[in-house]
Amino acid sequence: MNNENKIVARVVDAGKEYKAGDTVITALQASSIELKSGELMLIIGPSGSGKTTLLSLFGCVIYPSYGEVWIDGIKVNELSEKKLADIRLKKIGFVFQKFNLIAPLTALENVMMPLILQGASDKEAKIKATEALVKVGMGDRMKNLSNDLSGGQQQRVAIARALVINPEIMLCDEPTASLDIESVDIVMGELKQLARQGKAVVVVTHDTRLEPFADRIVYVLDGSIVDKPVA
């Protein structure tokens, strides 16, 4: 049963600043935004606009300089690095532009890895990894090494690896930047389907070709955000 429109994460007046000598650089101005289950949200903006900073706050990769970050009802601002890592491992799936697959491993072994890190047995990890690969249409490529797969196929394996822990939140950083248009349609179709199954899916991109797949679009420019639902 999908819990449509459940708020699974939010930032509240959160921003990020970095110091370079005597200079303070504002990567993201105070922003408030919510992630909801069953929704595919695009974060669009040019390089250096702050969109990856916003994604990193939701991914518990960085702490905000001010404001609050909440994940599944937990305020994460003051949690230890260890507890943040635990939240990332259990609640958040990450998909990256460069796929980040481990080259000596097969597709199946790559997808098993997060479950092994969680302490699952090899047998359990293999069963769940197989299911995740079948779900993204890669059931016939499980024994292939990552270098033997096309870019689009590697990205679908990366999605399966993120999906296998059954996270509420899927965060994708430029997942289609290295792909041809046919692979873009396949990968975005997979992510859209995950949103329909109740995941909160976030895609950071500068590619406006992805807009037709979005339920909601957040534009980031010079560290400021504009949130626009899609009609």
Side-chain angles (χ1 to χ4, degrees), residues 39-47 51-52 55-56 58-59 61 88-89 92-118 120 122 124-215 217:
E39 186 174 74
L40 192 154
M41 184 175 81
L42 292 186
I43 301 177
I44 295 180
S47 297
K51 61 186 188 298
T52 298
L55 191 78
S56 297
F58 277 126
V61 176
R88 289 195 298 268
L89 186 60
I92 304 170
F94 293 91
V95 180
F96 302 97
Q97 175 183 344
K98 299 297 184 183
F99 319 131
N100 288 8
L101 300 180
I102 301 172
L105 302 184
T106 65
L108 180 63
E109 290 166 340
N110 266 283
V111 178
M112 288 171 63
M113 189 61 64
L115 295 170
I116 299 297
L117 291 173
Q118 284 187 350
D122 284 352
E124 180 187 2
K126 188 172 184 179
I127 291 170
K128 289 185 176 180
T130 299
E131 291 173 351
L133 284 163
V134 169
K135 189 171 287 188
V136 299
M138 291 296 291
D140 59 341
R141 294 285 189 271
M142 289 190 292
K143 295 182 179 179
N144 287 71
L145 298 176
S146 60
N147 289 342
D148 296 329
L149 300 173
S150 69
Q153 290 171 334
Q154 289 186 58
Q155 195 59 287
R156 288 156 76 187
V157 172
I159 291 171
R161 183 182 57 190
L163 178 64
V164 76
I165 62 169
N166 195 29
E168 286 189 287
I169 303 167
M170 293 278 285
L171 302 179
C172 311
D173 194 1
E174 300 280 8
T176 61
S178 305
L179 305 182
D180 58 49
I181 187 62
E182 182 179 353
S183 296
V184 167
D185 286 343
I186 292 171
V187 167
M188 289 305 297
E190 298 289 352
L191 293 174
K192 184 76 169 182
Q193 183 62 27
L194 292 178
R196 291 292 165 266
Q197 293 168 5
K199 307 294 183 190
V201 181
V202 183
V203 178
V204 161
T205 187
H206 62 269
D207 189 349
T208 56
R209 295 178 303 172
L210 307 190
E211 290 184 9
F213 294 95
D215 298 303
I217 300 176

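For this chain, numbers begin at 1 and follow the sequence in order.
In this structure, D122 CG and I127 CD1 are separated by 11.0 Å, a value rounded to the nearest 0.5 Å. How far OG1 of T130 is from CE of M112: 8.0 Å, rounded to the nearest 0.5 Å. The CG atom of L108 sits 9.5 Å away from atom CG of N110, with the distance rounded to the nearest 0.5 Å. Distance OG1/T176 to CG/L210: 4.0 Å, rounded to 0.5 Å. Between I44 atom CD1 and T205 atom OG1 the span is 6.5 Å, to the nearest 0.5 Å. The distance from atom OG of S146 to atom CD1 of I102, rounded to the nearest 0.5 Å, is 9.0 Å.
P175 and V204 get closest at one heavy-atom pair: CD-O, 3.8 Å. Between A160 and V111 the shortest heavy-atom distance is O-CG1, 3.7 Å. The minimum heavy-atom distance linking A129 with L115 is given by the pair N-CD1, 4.4 Å. Residues A158 and V95 share a closest heavy-atom pair of O-CG2, 4.1 Å. The minimum heavy-atom distance between M188 and L42, with the atom names listed, is CE-CD2, 4.5 Å.
Each salt bridge (charged side-chain N to carboxylate O under 4.0 Å, His left out) pair with one or both residues in residues 157-177, not counting sequence neighbours, appears once here: K6-E168. Sequence neighbours left out, the pairs with a member in residues 185-195 that pass side-chain hydrogen bond (donor to acceptor under 3.5 Å, both in side chains) are K192-D215.
Residues meeting the salt bridge (Lys or Arg N to Asp or Glu O under 4.0 Å) test with K128, sequence neighbours left out: E124. Every residue meeting the side chain to side chain contact (heavy atoms under 4.5 Å, CB included) condition with F94, not counting sequence neighbours, appears here in chain and number order: V61, R88, I92, F96, L171. Residues meeting the salt bridge (Lys or Arg N to Asp or Glu O under 4.0 Å) test with K135, sequence neighbours left out: none.
With hydrogens and angles ignored, the 3.5 Å screen pairs a side-chain donor or acceptor of K199 with a backbone N or O of P167.
Looking at L191 and C172, their side chains come closer than 4.5 Å, going by heavy atoms from C-beta outward.
Under the side-chain contact (heavy atoms from CB on, under 4.5 Å) test applied with Q155, the options V184, V187, L149 reduce to a single match, V187.
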Show which side-chain atoms of residues 138-145 pair as donor or acceptor with protein atoms under 3.5 Å away, not counting sequence neighbours.
none

